[in-house]
Amino acid sequence: MSVAYDRLLEAAIQHLHELKQSGARFVPVHIETLARLTRPAPTSPTRPPIHRPARAQQPPTPPRSPIASREPAAARRALAAPVEELNASSADARAPSIPALGAEEKLAAFAAVRQRALACVKCANLAAARKNVVFGVGDINAQLMFVGEAPGADEDAQGEPFVGRAGQLLTRIIQTMGLSRESVYIANILKCRPDTPGWSAGNRKPTTEEMQTCIPFLHEQIDLIRPRVLVALGGTAVEGLLGKTAGITRLRGHWQSYRGIPLMPTYHPSFLLRNQALSEKRRVWEDMLQVMERLEMPISDKQRSFFAR
Ligand code: URA
Ligand code: URA
């Protein structure tokens, strides 16, 4: 290897030693980097697909509740997927076949991402205006994950997503599905409240640049949580996750795919607050029924008939 490479390696090792001496036990490493590091070095230029061995010595990930836990065969298939999929870059490609982390590793990796997000100042205007970074809330082993747009004033003040009026409606929707806020995971495309200098009230849509700057945090959250189903709340969430700007009224109710994870676009709860028509509520509810079916959740007759005329 080159001298430059040796120097870089030396510096990296030195840095890690210093961190260890200062008491650090974990370092943030991107999940895909971790997967690449656990892969054996190539022995020939034309490498056949490597099948990832299941890890020994890891405590099993705790079962997910209250939805029926992941089928073991599916989990095995995911572990055995060829590594070529790791290199897929399109949002619609299959999810990377990163080995499932043990419970402790997953917690540590999640805490590391959160720490980086809380310290982020990449959008100087947002960092200056924010009270809190709103990282996400819920169960990091959730099977169902909701993604919104960006924190509003209430979320900024409390450091938790979806706690204002729209959030209370989202919470009711989740409860009507027979779930709780604590059993799902909730996050936003943007972790900081879009600043509104000179405005007396209201919220601003995140800019494309802000979304592009912040989205890696959400990608890491999804990679770690590995939900079975994603729900994108409103057009901005769909745009952030899928790059689609086709319009939420056309996309809602139709399954999409975020790196192999089924994604249901639906209306943002704040749209339902502005538009009180029963027909719109029923549309969102029909989307949630599809999500429940996908997760093989029990659905009662009462649940089926909500908002139906
Ligand atoms: N709207 C969002 O998109 N996210 C929140 O967290 C709150 C309101
Ligand atoms: N129109 C919007 O702009 N957003 C929604 O969530 C629904 C309809």
Side-chain angles (χ1 to χ4, degrees), residues 113-114 117-118 120 123 126-127 129-140 142 144-175 179-196 199 201-222 225 227 230-245 247-249 251-252 256 258 263-276 280-281 283-284 287-288 291:
V113 181
R114 178 190 285 272
L118 297 195
C120 180
C123 305
L126 304 190
R130 76 188 175 209
K131 294 195 183 80
N132 284 292
V133 173
V134 181
F135 183 67
V137 72
D139 184 354
I140 65 167
L144 177 57
M145 178 166 174
F146 291 85
V147 176
E149 178 173 313
D154 295 314
E155 290 76 22
D156 179 50
Q158 297 181 44
E160 184 173 328
F162 284 101
V163 291
R165 271 188 78 219
Q168 285 157 23
L169 178 52
L170 176 63
T171 303
R172 284 205 299 278
I173 292 170
I174 291 167
Q175 288 167 346
L179 300 169
S180 65
R181 265 175 84 90
E182 295 72 33
S183 70
V184 301
Y185 197 87
I186 307 172
N188 284 306
I189 299 286
L190 220 65
K191 307 302 188 214
C192 292
R193 179 173 194 224
D195 61 343
T196 51
W199 295 26
N203 294 311
R204 155 174 86 72
K205 184 177 170 329
T207 66
T208 305
E209 194 188 348
E210 286 166 347
M211 293 207 279
Q212 280 169 356
T213 304
C214 202
I215 200 90
F217 289 125
L218 183 63
H219 289 164
E220 288 188 76
Q221 285 172 300
I222 297 172
I225 294 170
L230 281 160
V231 173
L233 300 164
T236 305
V238 172
E239 187 183 332
L241 283 171
L242 304 179
K244 286 188 186 175
T245 51
I248 189 69
T249 44
L251 287 174
R252 70 137 281 280
Q256 309 289 314
Y258 167 82
L263 181 151
M264 176 54 70
T266 195
Y267 290 154
H268 193 287
S270 62
F271 169 75
L272 294 183
L273 291 175
R274 291 194 305 272
N275 185 330
Q276 294 285 336
E280 301 307 306
K281 289 186 183 147
R283 288 199 173 102
V284 169
D287 300 344
M288 295 308 101
V291 166

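Numbering of ligands and ligand atoms starts at 1, following listing order.
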Open item on the list: Hydrogens and angles aside, do Thr171 and Arg181 bring a side-chain donor and acceptor to less than 3.5 Å of each other?
Closed with: yes
Open item on the list: Going by ring-ring contact (aromatic ring centres under 6.0 Å, His included), name the residues that satisfy it together with Phe135, two or more places apart in sequence or in a different chain.
Closed with: Phe110
Open item on the list: Would you say CD of Gln276 has more than 12 non-hydrogen atoms from neighbouring residues, nucleotides or ligands within 6.0 angstrom?
Closed with: yes
Open item on the list: Under 3.5 Å between any N/O of Phe162 and any N/O of ligand 1: does that happen in this structure?
Closed with: yes
- [ ] Scan Lys191, Lys205, Arg204 and name whichever one has a side-chain hydrogen bond (donor to acceptor under 3.5 Å, both in side chains) with Glu210.
- [x] Arg204
Task: Side chain, backbone, both or neither: Glu149 near ligand 1, heavy atoms under 4.0 Å - done: both
Open item on the list: Return the CZ to CG distance between Phe162 and Asp154, rounded to the nearest 0.5 Å.
Closed with: 12.0 Å
Open item on the list: Can you confirm, on distance only, whether ligand 1 has an N/O atom lying under 3.5 Å from any N/O atom belonging to Ala150?
Closed with: yes
TODO: Without swapping roles, check the side chain of Glu155 against the backbone of Gly164 for a donor-acceptor pair under 3.5 Å.
DONE: yes
Open item on the list: To check your reading of the model: name the closest protein heavy atom to atom 1 (N) of ligand 1, its residue, and the distance in Å.
Closed with: His268 NE2, 3.3 Å
TODO: Would you kindly specify which portion of Ser270 sits under 4.0 Å from ligand 1, judged on non-hydrogen atoms: side chain, backbone, both or neither?
DONE: neither
TODO: Please verify whether a non-hydrogen atom of Gly167 lies at under 4.0 Å from ligand 1.
DONE: no
Task: Sub-4.0 Å heavy-atom contact, Glu160 with ligand 1 - done: no
TODO: Specify the protein heavy atom at minimum distance from atom 4 (N) of ligand 1: its residue, its atom name, and the distance to 0.1 Å.
DONE: Asn188 OD1, 2.8 Å
Open item on the list: List ligand 1 atoms under 4.0 Å from Gly148, heavy atoms only on the residue side.
Closed with: 3 (O)
Task: Any donor-acceptor pair under 3.5 Å from Asp139 side chain to Glu182 backbone - done: no
